[in-house]
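Take a look at the structure set out below.
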Number of protein chains: 2
Amino acid sequence: MSADLAGLSINVATIRQGETFGAMVDACLKHGITAIAPWREYVTDLPEAARIVRENGLRVTGHCRGGFFPAADEAGRRAAIEENRRAVDEAQALGADCLVLVVGGLPPGSRDLPGARQMVADGMAELLPYARQAKVPLAIEPLHPSYAADRACINTLKQSLDLCDALGDGVGVAIDVYHCWWDPELEAQIMRAGREGRILAHHICDWLVPTTDILNDRGMMGDGVIDLKAFRRMIEAAGFHGAQEVEIFSNRWRARPVDEVLRTCVERFRTAC
Amino acid sequence: MSADLAGLSINVATIRQGETFGAMVDACLKHGITAIAPWREYVTDLPEAARIVRENGLRVTGHCRGGFFPAADEAGRRAAIEENRRAVDEAQALGADCLVLVVGGLPPGSRDLPGARQMVADGMAELLPYARQAKVPLAIEPLHPSYAADRACINTLKQSLDLCDALGDGVGVAIDVYHCWWDPELEAQIMRAGREGRILAHHICDWLVPTTDILNDRGMMGDGVIDLKAFRRMIEAAGFHGAQEVEIFSNRWRARPVDEVLRTCVERFRTAC
(Lines give C-alpha, C1' and ligand atoms only; values in the text may rest on other atoms or scores of the structure.)
Protein backbone atom coordinates (compact mmCIF):
# COMPACT_ATOMS: atom_id res chain seq x y z
CA MET A 1 0.00 0.00 0.00
CA SER A 2 0.91 3.60 -0.47
CA ALA A 3 1.63 5.42 2.78
CA ASP A 4 -0.75 8.28 2.05
CA LEU A 5 -3.70 5.89 1.95
CA ALA A 6 -3.50 5.49 5.73
CA GLY A 7 -5.66 8.62 5.72
CA LEU A 8 -8.42 6.98 3.68
CA SER A 9 -11.23 4.86 5.05
CA ILE A 10 -14.09 3.30 3.11
CA ASN A 11 -17.54 3.15 4.61
CA VAL A 12 -19.13 0.00 3.24
CA ALA A 13 -22.23 1.97 2.20
CA THR A 14 -20.03 3.18 -0.65
CA ILE A 15 -19.59 -0.37 -1.98
CA ARG A 16 -22.78 -2.13 -0.91
CA GLN A 17 -23.17 -4.05 -4.15
CA GLY A 18 -24.37 -7.21 -2.46
CA GLU A 19 -20.96 -8.40 -1.27
CA THR A 20 -20.16 -10.04 2.05
CA PHE A 21 -18.10 -8.20 4.68
CA GLY A 22 -15.08 -10.36 3.84
CA ALA A 23 -15.37 -9.62 0.13
CA MET A 24 -15.67 -5.89 0.86
CA VAL A 25 -12.52 -6.00 2.95
CA ASP A 26 -10.65 -7.92 0.25
CA ALA A 27 -11.69 -5.36 -2.35
CA CYS A 28 -10.38 -2.53 -0.13
CA LEU A 29 -7.09 -4.29 0.62
CA LYS A 30 -6.52 -4.83 -3.11
CA HIS A 31 -6.56 -1.04 -3.49
CA GLY A 32 -4.25 -0.46 -0.54
CA ILE A 33 -7.04 0.68 1.77
CA THR A 34 -6.71 -0.58 5.35
CA ALA A 35 -9.41 1.39 7.14
CA ILE A 36 -13.09 0.64 6.86
CA ALA A 37 -16.43 1.44 8.48
CA PRO A 38 -19.06 -1.32 8.51
CA TRP A 39 -22.82 -1.04 8.70
CA ARG A 40 -24.44 -3.49 11.08
CA GLU A 41 -26.43 -5.28 8.39
CA TYR A 42 -23.19 -6.34 6.69
CA VAL A 43 -21.77 -7.81 9.87
CA THR A 44 -23.89 -10.95 9.89
CA ASP A 45 -21.20 -13.04 11.63
CA LEU A 46 -19.63 -10.87 14.30
CA PRO A 47 -16.78 -13.19 15.46
CA GLU A 48 -15.81 -13.80 11.83
CA ALA A 49 -15.88 -10.07 11.06
CA ALA A 50 -13.78 -9.32 14.16
CA ARG A 51 -11.29 -11.98 13.07
CA ILE A 52 -11.05 -10.45 9.58
CA VAL A 53 -10.42 -7.02 11.12
CA ARG A 54 -7.80 -8.35 13.52
CA GLU A 55 -5.90 -10.59 11.14
CA ASN A 56 -5.65 -7.86 8.52
CA GLY A 57 -4.71 -5.17 11.00
CA LEU A 58 -7.60 -3.01 9.82
CA ARG A 59 -8.58 0.28 11.37
CA VAL A 60 -12.34 0.53 11.94
CA THR A 61 -13.11 4.23 11.78
CA GLY A 62 -16.68 3.80 12.98
CA HIS A 63 -19.46 1.26 13.27
CA CYS A 64 -22.78 2.27 11.67
CA ARG A 65 -25.08 2.65 13.32
CA GLY A 66 -26.85 3.17 16.61
CA GLY A 67 -29.50 5.78 17.27
CA PHE A 68 -33.18 6.03 16.34
CA PHE A 69 -34.09 6.81 19.93
CA PRO A 70 -37.50 8.51 19.50
CA ALA A 71 -40.50 6.19 19.47
CA ALA A 72 -44.24 6.50 19.87
CA ASP A 73 -44.31 4.84 23.29
CA GLU A 74 -42.17 3.79 26.23
CA ALA A 75 -41.88 0.20 24.98
CA GLY A 76 -40.49 1.47 21.69
CA ARG A 77 -37.99 3.69 23.45
CA ARG A 78 -36.86 0.79 25.68
CA ALA A 79 -36.45 -1.45 22.63
CA ALA A 80 -34.28 1.23 21.02
CA ILE A 81 -31.96 1.31 24.06
CA GLU A 82 -31.60 -2.47 23.96
CA GLU A 83 -30.83 -2.38 20.25
CA ASN A 84 -28.24 0.33 20.86
CA ARG A 85 -26.56 -1.79 23.54
CA ARG A 86 -26.14 -4.57 20.99
CA ALA A 87 -24.63 -2.04 18.58
CA VAL A 88 -22.17 -0.96 21.31
CA ASP A 89 -21.20 -4.61 21.82
CA GLU A 90 -20.53 -5.01 18.12
CA ALA A 91 -18.51 -1.81 17.93
CA GLN A 92 -16.43 -3.05 20.85
CA ALA A 93 -15.88 -6.47 19.28
CA LEU A 94 -14.74 -4.82 16.05
CA GLY A 95 -12.47 -2.38 17.87
CA ALA A 96 -14.25 0.53 16.20
CA ASP A 97 -13.15 4.09 16.93
CA CYS A 98 -16.77 4.97 17.69
CA LEU A 99 -20.38 3.93 17.31
CA VAL A 100 -21.99 6.34 14.84
CA LEU A 101 -25.45 7.50 15.89
CA VAL A 102 -28.17 8.45 13.45
CA VAL A 103 -30.33 9.67 16.26
CA GLY A 104 -33.78 9.31 14.70
CA GLY A 105 -36.53 11.74 13.70
CA LEU A 106 -40.16 12.21 14.61
CA PRO A 107 -42.07 9.23 15.99
CA PRO A 108 -44.85 8.08 13.62
CA GLY A 109 -47.72 10.57 13.55
CA SER A 110 -45.86 13.17 15.60
CA ARG A 111 -45.15 16.79 14.70
CA ASP A 112 -43.34 17.47 17.97
CA LEU A 113 -39.75 18.10 16.95
CA PRO A 114 -38.62 19.52 20.32
CA GLY A 115 -40.16 16.42 21.93
CA ALA A 116 -38.23 14.12 19.59
CA ARG A 117 -35.04 15.97 20.43
CA GLN A 118 -35.69 15.45 24.13
CA MET A 119 -36.16 11.71 23.48
CA VAL A 120 -32.75 11.65 21.83
CA ALA A 121 -31.13 13.36 24.80
CA ASP A 122 -32.88 11.02 27.22
CA GLY A 123 -32.03 7.91 25.20
CA MET A 124 -28.38 8.87 24.91
CA ALA A 125 -28.16 9.61 28.63
CA GLU A 126 -29.50 6.13 29.32
CA LEU A 127 -27.18 4.42 26.82
CA LEU A 128 -24.06 6.30 27.81
CA PRO A 129 -22.97 4.42 30.98
CA TYR A 130 -23.07 1.16 29.02
CA ALA A 131 -21.00 2.65 26.19
CA ARG A 132 -18.49 4.14 28.63
CA GLN A 133 -18.10 0.76 30.32
CA ALA A 134 -17.39 -0.79 26.92
CA LYS A 135 -15.03 2.06 26.05
CA VAL A 136 -16.98 2.75 22.88
CA PRO A 137 -17.32 6.49 22.20
CA LEU A 138 -20.74 7.51 20.87
CA ALA A 139 -20.55 9.74 17.81
CA ILE A 140 -23.57 11.93 17.17
CA GLU A 141 -23.79 12.49 13.44
CA PRO A 142 -25.75 15.67 12.80
CA LEU A 143 -27.68 14.99 9.60
CA HIS A 144 -28.64 17.48 6.93
CA PRO A 145 -31.87 19.30 7.80
CA SER A 146 -33.57 17.43 4.94
CA TYR A 147 -33.61 14.39 7.23
CA ALA A 148 -35.02 16.11 10.33
CA ALA A 149 -38.38 14.38 10.06
CA ASP A 150 -37.43 10.82 9.27
CA ARG A 151 -33.79 10.12 10.16
CA ALA A 152 -32.23 12.56 12.59
CA CYS A 153 -33.62 15.53 14.48
CA ILE A 154 -30.07 16.62 15.39
CA ASN A 155 -29.14 18.74 12.39
CA THR A 156 -26.21 21.00 13.17
CA LEU A 157 -22.80 20.71 14.73
CA LYS A 158 -23.72 23.32 17.32
CA GLN A 159 -26.79 21.36 18.37
CA SER A 160 -24.70 18.19 18.58
CA LEU A 161 -22.00 19.83 20.67
CA ASP A 162 -24.53 21.40 23.01
CA LEU A 163 -25.89 17.89 23.57
CA CYS A 164 -22.36 16.55 24.12
CA ASP A 165 -21.80 19.26 26.72
CA ALA A 166 -24.96 18.20 28.52
CA LEU A 167 -23.97 14.51 28.43
CA GLY A 168 -20.32 14.72 29.44
CA ASP A 169 -17.55 12.26 28.59
CA GLY A 170 -17.78 9.44 26.08
CA VAL A 171 -19.66 11.29 23.36
CA GLY A 172 -18.54 13.30 20.35
CA VAL A 173 -19.44 14.01 16.76
CA ALA A 174 -19.05 12.43 13.34
CA ILE A 175 -18.65 15.34 10.95
CA ASP A 176 -19.91 14.52 7.45
CA VAL A 177 -19.28 17.13 4.79
CA TYR A 178 -22.60 16.33 3.06
CA HIS A 179 -24.58 17.14 6.17
CA CYS A 180 -22.62 20.16 7.39
CA TRP A 181 -21.06 21.97 4.44
CA TRP A 182 -23.82 24.62 4.21
CA ASP A 183 -23.65 25.62 7.89
CA PRO A 184 -22.87 29.33 8.38
CA GLU A 185 -21.24 28.41 11.72
CA LEU A 186 -19.19 25.56 10.27
CA GLU A 187 -15.71 26.79 11.02
CA ALA A 188 -16.52 28.10 14.50
CA GLN A 189 -18.24 24.87 15.49
CA ILE A 190 -15.50 22.64 14.06
CA MET A 191 -12.96 24.59 16.09
CA ARG A 192 -15.16 24.22 19.15
CA ALA A 193 -15.50 20.48 18.54
CA GLY A 194 -11.72 20.17 18.37
CA ARG A 195 -11.20 22.28 21.46
CA GLU A 196 -13.62 20.12 23.41
CA GLY A 197 -12.04 16.89 22.10
CA ARG A 198 -15.24 15.81 20.40
CA ILE A 199 -14.25 15.02 16.81
CA LEU A 200 -14.55 11.26 16.36
CA ALA A 201 -14.92 10.89 12.59
CA HIS A 202 -14.70 12.84 9.33
CA HIS A 203 -16.91 11.58 6.53
CA ILE A 204 -16.52 12.73 2.95
CA CYS A 205 -18.46 12.68 -0.32
CA ASP A 206 -19.79 15.65 -2.32
CA TRP A 207 -22.97 17.66 -2.90
CA LEU A 208 -24.14 17.42 -6.49
CA VAL A 209 -25.99 20.20 -8.31
CA PRO A 210 -28.68 19.27 -8.95
CA THR A 211 -29.23 16.65 -6.26
CA THR A 212 -31.95 14.45 -7.73
CA ASP A 213 -32.53 12.28 -4.65
CA ILE A 214 -31.80 13.63 -1.21
CA LEU A 215 -30.83 10.20 0.16
CA ASN A 216 -29.20 8.33 -2.70
CA ASP A 217 -27.66 10.94 -4.97
CA ARG A 218 -24.53 11.87 -3.05
CA GLY A 219 -21.52 12.67 -5.15
CA MET A 220 -18.00 11.31 -5.50
CA MET A 221 -15.44 13.73 -4.06
CA GLY A 222 -14.66 16.38 -6.67
CA ASP A 223 -17.91 16.00 -8.60
CA GLY A 224 -19.85 18.53 -6.53
CA VAL A 225 -19.62 21.93 -4.90
CA ILE A 226 -18.16 21.23 -1.46
CA ASP A 227 -14.73 22.75 -0.86
CA LEU A 228 -13.31 19.51 0.53
CA LYS A 229 -9.77 20.78 0.89
CA ALA A 230 -10.90 23.78 2.93
CA PHE A 231 -13.08 21.47 5.01
CA ARG A 232 -10.13 19.17 5.69
CA ARG A 233 -7.95 22.11 6.67
CA MET A 234 -10.54 23.19 9.23
CA ILE A 235 -10.78 19.69 10.68
CA GLU A 236 -6.99 19.43 10.90
CA ALA A 237 -6.69 22.91 12.38
CA ALA A 238 -9.11 21.71 15.05
CA GLY A 239 -6.68 18.91 15.87
CA PHE A 240 -8.28 15.89 14.19
CA HIS A 241 -5.89 13.90 12.01
CA GLY A 242 -7.80 10.64 11.65
CA ALA A 243 -8.78 9.10 8.34
CA GLN A 244 -11.27 10.66 5.98
CA GLU A 245 -14.04 8.11 5.60
CA VAL A 246 -15.74 7.93 2.22
CA GLU A 247 -19.48 7.40 2.64
CA ILE A 248 -21.36 7.76 -0.62
CA PHE A 249 -25.00 6.75 -0.80
CA SER A 250 -25.56 6.85 -4.51
CA ASN A 251 -27.71 4.90 -6.91
CA ARG A 252 -25.27 5.87 -9.65
CA TRP A 253 -22.15 4.54 -7.93
CA ARG A 254 -23.94 1.50 -6.60
CA ALA A 255 -24.52 0.47 -10.21
CA ARG A 256 -20.77 0.49 -10.97
CA PRO A 257 -18.29 -2.34 -10.28
CA VAL A 258 -16.73 -2.18 -6.80
CA ASP A 259 -13.23 -2.00 -8.27
CA GLU A 260 -14.12 1.07 -10.30
CA VAL A 261 -15.69 2.74 -7.27
CA LEU A 262 -12.63 2.08 -5.10
CA ARG A 263 -10.17 3.12 -7.82
CA THR A 264 -12.07 6.40 -8.14
CA CYS A 265 -12.16 6.92 -4.36
CA VAL A 266 -8.38 6.54 -4.17
CA GLU A 267 -7.81 8.88 -7.09
CA ARG A 268 -10.17 11.56 -5.77
CA PHE A 269 -8.83 11.21 -2.23
CA ARG A 270 -5.44 12.14 -3.68
CA THR A 271 -6.61 14.99 -5.90
CA ALA A 272 -9.82 16.47 -4.53
CA CYS A 273 -9.59 16.17 -0.76
CA MET B 1 -65.88 36.96 2.18
CA SER B 2 -65.43 35.49 5.60
CA ALA B 3 -63.65 37.82 8.02
CA ASP B 4 -61.11 35.22 9.08
CA LEU B 5 -59.77 35.00 5.53
CA ALA B 6 -58.14 38.41 5.93
CA GLY B 7 -55.30 36.39 7.47
CA LEU B 8 -54.81 34.28 4.33
CA SER B 9 -52.71 35.24 1.33
CA ILE B 10 -52.06 33.17 -1.78
CA ASN B 11 -48.67 33.22 -3.42
CA VAL B 12 -49.29 32.72 -7.11
CA ALA B 13 -46.68 29.93 -7.21
CA THR B 14 -49.42 27.87 -5.56
CA ILE B 15 -51.75 28.31 -8.55
CA ARG B 16 -49.37 28.72 -11.46
CA GLN B 17 -51.44 26.60 -13.83
CA GLY B 18 -50.77 28.83 -16.80
CA GLU B 19 -53.25 31.54 -15.85
CA THR B 20 -52.80 35.30 -16.28
CA PHE B 21 -52.37 37.54 -13.23
CA GLY B 22 -55.94 38.80 -13.66
CA ALA B 23 -57.34 35.28 -13.81
CA MET B 24 -55.37 34.29 -10.71
CA VAL B 25 -56.78 37.28 -8.82
CA ASP B 26 -60.32 36.46 -9.95
CA ALA B 27 -59.90 32.86 -8.76
CA CYS B 28 -58.74 34.10 -5.33
CA LEU B 29 -61.56 36.63 -5.01
CA LYS B 30 -64.12 33.94 -5.79
CA HIS B 31 -62.89 32.10 -2.69
CA GLY B 32 -62.94 35.20 -0.51
CA ILE B 33 -59.19 35.66 -0.61
CA THR B 34 -58.08 39.29 -0.88
CA ALA B 35 -54.34 39.04 -0.29
CA ILE B 36 -51.88 37.74 -2.86
CA ALA B 37 -48.17 37.57 -3.62
CA PRO B 38 -47.13 37.70 -7.27
CA TRP B 39 -44.01 36.36 -8.93
CA ARG B 40 -42.43 38.73 -11.41
CA GLU B 41 -42.92 36.46 -14.39
CA TYR B 42 -46.70 36.61 -13.93
CA VAL B 43 -46.72 40.40 -13.89
CA THR B 44 -46.22 40.86 -17.62
CA ASP B 45 -48.19 44.13 -17.71
CA LEU B 46 -47.24 46.11 -14.61
CA PRO B 47 -49.71 49.04 -14.93
CA GLU B 48 -52.55 46.61 -15.56
CA ALA B 49 -51.51 44.45 -12.57
CA ALA B 50 -51.29 47.55 -10.36
CA ARG B 51 -54.76 48.61 -11.52
CA ILE B 52 -56.16 45.15 -10.67
CA VAL B 53 -54.60 45.33 -7.20
CA ARG B 54 -55.91 48.83 -6.58
CA GLU B 55 -59.43 48.41 -7.90
CA ASN B 56 -59.95 45.21 -5.92
CA GLY B 57 -58.42 46.60 -2.75
CA LEU B 58 -55.98 43.69 -2.61
CA ARG B 59 -53.23 43.34 -0.08
CA VAL B 60 -49.93 42.35 -1.70
CA THR B 61 -48.03 40.46 1.00
CA GLY B 62 -44.81 40.33 -1.00
CA HIS B 63 -43.43 40.55 -4.51
CA CYS B 64 -41.32 37.59 -5.63
CA ARG B 65 -38.54 37.96 -6.20
CA GLY B 66 -35.30 39.89 -6.10
CA GLY B 67 -31.92 38.49 -5.16
CA PHE B 68 -29.45 36.21 -6.97
CA PHE B 69 -26.62 38.60 -6.16
CA PRO B 70 -23.58 36.30 -6.56
CA ALA B 71 -22.11 36.12 -10.05
CA ALA B 72 -18.88 34.95 -11.62
CA ASP B 73 -17.69 38.46 -12.47
CA GLU B 74 -18.25 42.13 -11.75
CA ALA B 75 -20.43 42.60 -14.84
CA GLY B 76 -22.71 39.83 -13.63
CA ARG B 77 -22.94 41.37 -10.17
CA ARG B 78 -23.75 44.77 -11.66
CA ALA B 79 -26.45 43.26 -13.86
CA ALA B 80 -27.97 41.65 -10.78
CA ILE B 81 -28.18 45.01 -9.00
CA GLU B 82 -29.92 46.56 -12.02
CA GLU B 83 -32.38 43.68 -12.18
CA ASN B 84 -33.07 44.08 -8.48
CA ARG B 85 -33.79 47.79 -8.95
CA ARG B 86 -36.45 46.90 -11.51
CA ALA B 87 -37.91 44.43 -9.02
CA VAL B 88 -38.03 47.20 -6.39
CA ASP B 89 -39.87 49.43 -8.88
CA GLU B 90 -42.43 46.71 -9.51
CA ALA B 91 -42.93 46.03 -5.81
CA GLN B 92 -43.50 49.75 -5.30
CA ALA B 93 -46.00 49.97 -8.16
CA LEU B 94 -47.92 47.02 -6.74
CA GLY B 95 -47.85 48.45 -3.21
CA ALA B 96 -46.25 45.21 -1.96
CA ASP B 97 -45.43 44.84 1.74
CA CYS B 98 -41.90 43.80 0.75
CA LEU B 99 -39.68 42.56 -2.03
CA VAL B 100 -38.81 38.95 -1.24
CA LEU B 101 -35.15 38.11 -1.86
CA VAL B 102 -33.95 34.68 -2.87
CA VAL B 103 -30.38 35.76 -2.46
CA GLY B 104 -28.63 33.32 -4.81
CA GLY B 105 -26.12 30.50 -4.34
CA LEU B 106 -22.64 29.76 -5.64
CA PRO B 107 -21.54 31.39 -8.89
CA PRO B 108 -21.03 28.82 -11.69
CA GLY B 109 -17.92 26.72 -11.06
CA SER B 110 -17.36 28.12 -7.57
CA ARG B 111 -17.06 26.19 -4.32
CA ASP B 112 -16.53 29.34 -2.27
CA LEU B 113 -19.60 29.55 -0.07
CA PRO B 114 -18.23 32.24 2.28
CA GLY B 115 -17.36 34.26 -0.84
CA ALA B 116 -20.90 33.92 -2.18
CA ARG B 117 -22.26 35.06 1.15
CA GLN B 118 -20.08 38.12 1.01
CA MET B 119 -21.41 38.90 -2.48
CA VAL B 120 -24.93 38.78 -1.07
CA ALA B 121 -24.03 41.19 1.70
CA ASP B 122 -22.29 43.53 -0.75
CA GLY B 123 -25.14 43.36 -3.28
CA MET B 124 -27.76 44.08 -0.66
CA ALA B 125 -25.77 46.99 0.71
CA GLU B 126 -25.66 48.45 -2.77
CA LEU B 127 -29.35 47.89 -3.47
CA LEU B 128 -30.57 49.11 -0.12
CA PRO B 129 -30.49 52.92 -0.60
CA TYR B 130 -32.61 52.52 -3.73
CA ALA B 131 -35.11 50.33 -1.90
CA ARG B 132 -35.28 52.71 1.05
CA GLN B 133 -35.94 55.62 -1.30
CA ALA B 134 -38.81 53.61 -2.83
CA LYS B 135 -40.04 52.64 0.63
CA VAL B 136 -39.90 48.98 -0.34
CA PRO B 137 -38.62 46.79 2.52
CA LEU B 138 -36.26 44.03 1.41
CA ALA B 139 -37.16 40.63 2.85
CA ILE B 140 -34.34 38.12 3.06
CA GLU B 141 -35.86 34.68 2.77
CA PRO B 142 -33.50 32.16 4.33
CA LEU B 143 -33.89 29.04 2.22
CA HIS B 144 -33.59 25.44 3.38
CA PRO B 145 -29.96 24.26 3.40
CA SER B 146 -30.80 21.98 0.46
CA TYR B 147 -30.70 25.09 -1.72
CA ALA B 148 -27.40 26.50 -0.46
CA ALA B 149 -25.57 25.72 -3.69
CA ASP B 150 -28.03 26.81 -6.34
CA ARG B 151 -30.63 29.17 -4.90
CA ALA B 152 -29.72 30.83 -1.64
CA CYS B 153 -26.58 30.74 0.48
CA ILE B 154 -28.46 32.37 3.36
CA ASN B 155 -29.95 29.36 5.11
CA THR B 156 -30.99 30.19 8.65
CA LEU B 157 -32.95 32.88 10.41
CA LYS B 158 -29.95 33.69 12.58
CA GLN B 159 -27.74 34.22 9.55
CA SER B 160 -30.43 36.43 7.98
CA LEU B 161 -30.87 38.51 11.10
CA ASP B 162 -27.12 38.95 11.53
CA LEU B 163 -27.07 40.30 7.98
CA CYS B 164 -30.01 42.59 8.76
CA ASP B 165 -28.12 43.92 11.77
CA ALA B 166 -25.15 44.70 9.58
CA LEU B 167 -27.31 46.44 6.95
CA GLY B 168 -29.55 48.55 9.17
CA ASP B 169 -33.04 49.82 8.36
CA GLY B 170 -35.18 48.75 5.45
CA VAL B 171 -34.44 45.03 5.58
CA GLY B 172 -36.10 42.11 7.31
CA VAL B 173 -36.98 38.46 6.84
CA ALA B 174 -39.61 36.36 5.13
CA ILE B 175 -40.09 33.34 7.37
CA ASP B 176 -41.19 30.26 5.44
CA VAL B 177 -42.08 27.21 7.50
CA TYR B 178 -40.69 24.87 4.84
CA HIS B 179 -37.26 26.43 5.04
CA CYS B 180 -37.05 26.98 8.79
CA TRP B 181 -39.11 24.35 10.60
CA TRP B 182 -36.11 22.09 11.39
CA ASP B 183 -33.98 24.87 12.93
CA PRO B 184 -32.97 24.11 16.55
CA GLU B 185 -32.86 27.87 17.18
CA LEU B 186 -36.24 28.54 15.57
CA GLU B 187 -38.11 29.97 18.53
CA ALA B 188 -35.22 32.07 19.80
CA GLN B 189 -34.58 33.55 16.38
CA ILE B 190 -38.26 34.23 15.65
CA MET B 191 -38.46 36.10 18.95
CA ARG B 192 -35.32 38.02 18.05
CA ALA B 193 -36.76 38.86 14.62
CA GLY B 194 -39.88 40.22 16.26
CA ARG B 195 -37.94 42.20 18.84
CA GLU B 196 -35.86 43.79 16.10
CA GLY B 197 -38.94 44.55 13.97
CA ARG B 198 -37.71 42.36 11.13
CA ILE B 199 -40.61 40.02 10.36
CA LEU B 200 -42.00 41.01 6.97
CA ALA B 201 -43.77 37.86 5.82
CA HIS B 202 -44.89 34.42 7.01
CA HIS B 203 -45.07 31.74 4.33
CA ILE B 204 -46.79 28.42 4.89
CA CYS B 205 -46.98 24.98 3.30
CA ASP B 206 -45.87 21.63 4.77
CA TRP B 207 -42.96 19.18 4.75
CA LEU B 208 -43.98 15.82 3.33
CA VAL B 209 -42.45 12.51 4.42
CA PRO B 210 -41.03 11.35 2.14
CA THR B 211 -40.20 14.45 0.11
CA THR B 212 -39.63 13.08 -3.38
CA ASP B 213 -38.41 16.31 -4.98
CA ILE B 214 -36.72 18.94 -2.89
CA LEU B 215 -38.03 21.81 -5.03
CA ASN B 216 -41.45 20.73 -6.26
CA ASP B 217 -42.86 18.36 -3.67
CA ARG B 218 -43.95 20.77 -0.96
CA GLY B 219 -47.07 19.80 0.89
CA MET B 220 -50.48 21.32 1.51
CA MET B 221 -50.83 22.51 5.08
CA GLY B 222 -51.81 19.56 7.28
CA ASP B 223 -50.42 16.90 4.95
CA GLY B 224 -46.92 16.93 6.44
CA VAL B 225 -45.02 17.05 9.70
CA ILE B 226 -44.65 20.75 10.45
CA ASP B 227 -46.45 21.91 13.59
CA LEU B 228 -48.02 24.89 11.82
CA LYS B 229 -50.12 26.00 14.77
CA ALA B 230 -47.09 26.11 17.07
CA PHE B 231 -45.19 27.98 14.36
CA ARG B 232 -47.97 30.53 14.05
CA ARG B 233 -48.09 31.00 17.81
CA MET B 234 -44.36 31.77 17.83
CA ILE B 235 -44.73 34.29 15.02
CA GLU B 236 -47.65 35.97 16.78
CA ALA B 237 -45.85 35.96 20.11
CA ALA B 238 -43.05 37.78 18.32
CA GLY B 239 -45.54 40.47 17.32
CA PHE B 240 -46.28 39.66 13.69
CA HIS B 241 -49.97 39.50 12.87
CA GLY B 242 -49.86 39.77 9.09
CA ALA B 243 -51.37 37.25 6.72
CA GLN B 244 -50.06 33.71 6.37
CA GLU B 245 -49.05 33.39 2.73
CA VAL B 246 -49.52 29.98 1.13
CA GLU B 247 -46.61 29.18 -1.16
CA ILE B 248 -46.68 25.59 -2.38
CA PHE B 249 -44.31 24.50 -5.11
CA SER B 250 -45.75 21.13 -5.96
CA ASN B 251 -46.03 19.09 -9.11
CA ARG B 252 -48.97 17.29 -7.52
CA TRP B 253 -51.00 20.40 -6.73
CA ARG B 254 -50.05 22.07 -9.98
CA ALA B 255 -51.83 19.22 -11.76
CA ARG B 256 -55.11 19.96 -9.95
CA PRO B 257 -57.73 22.57 -10.95
CA VAL B 258 -57.10 26.01 -9.43
CA ASP B 259 -60.50 25.99 -7.74
CA GLU B 260 -59.73 22.74 -5.96
CA VAL B 261 -56.34 24.05 -4.82
CA LEU B 262 -57.84 27.26 -3.45
CA ARG B 263 -60.75 25.48 -1.77
CA THR B 264 -58.25 23.21 -0.06
CA CYS B 265 -56.04 26.16 0.98
CA VAL B 266 -59.03 27.86 2.63
CA GLU B 267 -60.11 24.70 4.41
CA ARG B 268 -56.62 23.88 5.67
CA PHE B 269 -55.97 27.49 6.66
CA ARG B 270 -59.01 27.14 8.94
CA THR B 271 -58.19 23.73 10.36
CA ALA B 272 -54.45 23.11 10.20
CA CYS B 273 -52.80 26.50 10.70
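This one's a predicted model, so the numbers in the text were calculated from it and none came from an experiment. Every chain is numbered from 1, with letters handed out A, B, ... down the list of sequences.
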Within residues 193-209 of chain B, residues adjacent to chain A where the heavy-atom gap is under 4.5 Å: B:Trp207, B:Val209

Which of parallel (below 30°), tilted (30 to 60°) and perpendicular (above 60°) describes A:His144 and B:His144? tilted

From the list A:Pro114, A:Gly224, A:Ser110, A:Gly109, the residue making the most non-hydrogen contacts under 4.5 Å with chain B is A:Gly224

Within residues 155-173 of chain B, residues adjacent to chain A where the heavy-atom gap is under 4.5 Å: B:Asn155, B:Thr156, B:Lys158, B:Gln159

Heavy-atom pairs under 4.5 Å with chain B, option from A:Leu186, A:Asp150, A:Ile226, A:Thr211 with the top count: A:Ile226

Contact origin within B:Glu185 toward chain A - heavy atom pairs under 4.5 Å: side chain

Shorter than 4.5 Å, heavy atoms on both sides: which option in B:Asp213, B:Leu113, B:Leu215, B:Ile154 has the most such pairs with chain A? B:Leu113

From the list B:Cys153, B:Ser146, B:Pro210, B:Ala148, the residue making the most non-hydrogen contacts under 4.5 Å with chain A is B:Ser146

Could you pull out the closest heavy-atom pair between B:Asp227 and A:Arg111, with the gap in Å? CB-O, 3.7 Å

